[in-house]
Amino acid sequence: MPTPPVTLRRTDPALAAALERSTAQAWTLMAGIGRATGEPAPGITRAAFGEGEEIALQAVLRHAAALGLEAEADPFGNHHLLLPGEDGQAPAVASGSHLDSVPNGGNFDGLAGAVAALAVLAAVRASGLRPRRPLRAVLFRGEESPWFGTAYLGSRLMLGRSPWAEIGALRRRDSGLTLAQHLAALRHAPGPKTPLDPAGFAAFLELHIEQGPLLESRGVPLGIATACRGNIRFPQARCHGAYAHSAAMPRGHRQDAVLAVAELALALDRFWQERIAAGDDNFVVTIGEFATDPVQHAMTKVAGEVAFTLNLGGTDPAVLEAARGVLAGAVARIERERGVRFALGAEVGTAPVALDAGLRALLAGCAAEAAIAAMPLPTVGHDAAMFALSGVPTAMLLVRNAHGSHNPQETMAEADFARGVAVLARAMLRLADGEASGTASGTTSGQD
Ligand SMILES: [Zn+2]
């Protein structure tokens with residue numbers, strides 16, 4: 001994307017002062033929402049399409065209304081804060097994130113990006129600027145997967161990436177009610193469930209807390225995401241061997257399922273180390289569950305069966321395919337050598353999603369202008385991925401986090417939040433004033 005010319009607006013003292021004010025207010029708003037959604041302890045809980053999410057939404061809408069921002073709901077209960085541009089027909093430059101959380105999560109995952117977008121719109125409005133394109137802050141519902149067993153519900157439905165008939169029938173795991181029932185109870189979005197046209201978005205920028213420790217460990221406040229990792233997952237893998245006496249069975253006669261899965265894990269770990277040695281730190285391997293059968297296992301028995309999960313992640317489809325090859329080769333070899341049988345079970349997963357190179361460069365340029373350090377790094381799946389898959393030029397700004405996400409210890413410094421909002425504001429205004437809206441996102445073959 002040809003970067004739009006630097007406008008004077010980014011150095012407008014009225015805008016700078018307004019942004020400082022709106023950022024501080026957004027931080028206070030976020031803290032208040034955290035206190036209001038802190039039950040049950042520890043951490044915060046904002047159930048998707050449910051109570052905590054609704055508390056957050058109403059607080060954000062009250063704050064936005066007090067600042068004179070218009071709001072509207074879409075058919076799926078997401079809310080949009082609007083700031084008109086000079087060109088009423090132009091597609092919007094949008095930012096935002098989700099209001100729900102995982103159970104007993106941290107306060108910043110999702111909410112920080114929602115209130116950051118609000119802070120930008122509030123500052124632009126307060127300073128009296130009128131950009132060419134409209135600005136839009138999107139407050140998504142239902143991004144986290146623990147509630148309905150699948151992620152990005154609000155953005156997926158809004159952009160028409162999943163049919164309502166299918167998703168509306170999903171049941172929330174705690175309540176047992178369907179998404180359609182939860183949405184009806186919220187009374188925000190009656191009427192036909194027609195998705196929005198992605199062409200209405202010129203660009204989407206999502207600010208989000210980093211979910212890992214990389215920025216903290218490098219001493220860098222901001223990250224610019226290169227891609228959302230995709231994954232190949234086997235949630236119900238098994239290795240079948242044979243139970244035997246621990247003292248009597250010689251090694252050559254054993255069909256030890258524990259050692260077989262351990263050997264598989266190490267084969268994948270070796271591939272991972274080779275990727276790192278080759279300068280690629282985008283690939284990850286996780287065996288999050290590894291269990292012998294408690295009914296049959298014993299200290300004095302060779303394990304005849306192991307149940308495990310296998311989760312391969314990466315930003316490059318070719319690397320994921322190479323990992324699949326390593327997995328298949330290791331399975332065949334270990335079966336032969338150890339007399340076991342692997343049943344990996346159903347495979348699920350998502351394709352990696354590349355983020356827009358032009359917008360990444362724009363964010364990097366805006367950070368450099370503001371003398372804020374930022375580094376590129378891959379990220380996980382977010383609402384932003386749904387925009388990228390829909391052909392909307394999309395990028396993500398990540399904010400340093402001392403303790404990782406999806407836990408009560410998640411931490412963001414107010415100064416880092418302010419740095420993120422400052423870069424986001426510059427980039428949004430540049431896009432709103434510029435002639436170009438970004439290159440088409442380099443998405444890989446998309447599947448949710
Ligand atoms: Zn999130």
Side-chain angles (χ1 to χ4, degrees), residues 1-24 26-27 83 85 92-97 112-113 115-133 135-137 202-210 214-215 218-226 355-377 379 384 393-400 412-439 441:
M1 182 190 91
T3 303
V6 178
T7 66
L8 287 176
R9 290 178 171 181
R10 65 184 175 76
T11 54
D12 185 316
L15 176 63
L19 192 63
E20 204 171 306
R21 223 171 20 251
S22 69
T23 303
W27 183 261
L83 194 69
V93 172
S95 180
S97 194
V115 300
L118 162 62
V120 174
L121 266 64
V124 174
R125 188 181 186 283
S127 61
L129 297 173
R130 199 169 167 88
R132 193 171 73 75
R133 297 173 192 277
L135 298 181
R136 180 181 288 241
F204 184 76
L205 299 175
E206 182 171 357
L207 180 147
H208 199 282
I209 191 165
E210 194 206 354
L214 204 60
L215 295 171
R218 302 278 173 89
V220 177
L222 297 183
I224 296 165
T226 51
L355 296 167
D356 188 89
L359 292 184
R360 285 159 48 198
L362 173 64
L363 288 173
C366 290
E369 283 170 13
I372 296 169
M375 62 176 278
L377 76 168
T379 187
T394 299
M396 288 196 67
L397 200 52
L398 303 170
V399 180
R400 173 164 56 186
M412 184 186 285
E414 184 174 0
D416 287 347
F417 175 69
R419 290 179 174 112
V421 176
V423 173
L424 179 67
R426 279 169 190 254
M428 286 183 77
L429 276 175
R430 211 75 91 71
L431 289 166
D433 284 338
E435 294 302 312
S437 65
T439 53
S441 270

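Just so you know, residue 1 is the first one in the sequence shown, and it goes up from there.
Of the inter-residue distances, the one linking Met396 atom CE with Thr226 atom OG1 reads 11.0 Å to the nearest 0.5 angstrom. From Ile209, atom CD1 reaches atom CG of Leu397 across 12.5 Å, with rounding to the nearest 0.5 Å. Atom-to-atom distance recorded for Leu207:CG and Arg419:CZ is 13.5 Å, nearest 0.5 angstrom. The distance from the CG atom of Leu424 to the CZ atom of Phe417 is 9.0 Å, given to the nearest 0.5 Å. Taken to the nearest 0.5 Å, the CG atom of Leu205 stands 7.5 Å off from the CG atom of Leu362. In this structure, Asp416 CG and Glu210 CD are separated by 11.0 Å, a value rounded to the nearest 0.5 Å.
Glu414 places no side-chain N or O within 3.5 Å of a backbone atom of Trp27 that could act as its donor or acceptor partner. Distance alone, capped at 3.5 Å, places no donor-acceptor pair between the Arg360 side chain and the Ile224 backbone. Between the side chain of Ser127 and the backbone N or O of Ala14 there is no donor-acceptor pair closer than 3.5 Å.
Side-chain contact between Leu359 and Leu431 is present, with at least one heavy-atom pair separated by less than 4.5 Å. Within the 4.5 Å cutoff, no side-chain heavy atoms of His208 are placed close to those of Thr379. Counting heavy atoms from C-beta on, the side chains of Leu398 and Leu222 never come closer than 4.5 Å. Two residues are said to be in side-chain contact when any heavy atoms from C-beta on lie closer than 4.5 Å; Leu135 and Val93 meet this criterion. Using a 4.5 Å cut-off on side-chain heavy atoms (C-beta onward), Leu214 and Met375 make contact.
The minimum heavy-atom distance linking Ala122 with Ser22 is given by the pair CB-CB, 4.0 Å. Across every non-hydrogen atom of Asp433 and Pro131, the tightest pair is OD1-CA, 3.4 Å. Of all heavy-atom pairs spanning Val421 and Ala119, the tightest one is CG1-CB, 4.1 Å. Scanning all heavy atoms of the two residues, the minimum distance from Arg132 to Gly434 falls at NH2-O, 3.2 Å. Minimum interatomic distance between Glu206 and Ala384 (heavy atoms only, all atoms of both residues): OE1-N, 2.9 Å. Nearest heavy-atom pair across Leu121 and Met428 is CD1-CE, 4.2 Å.
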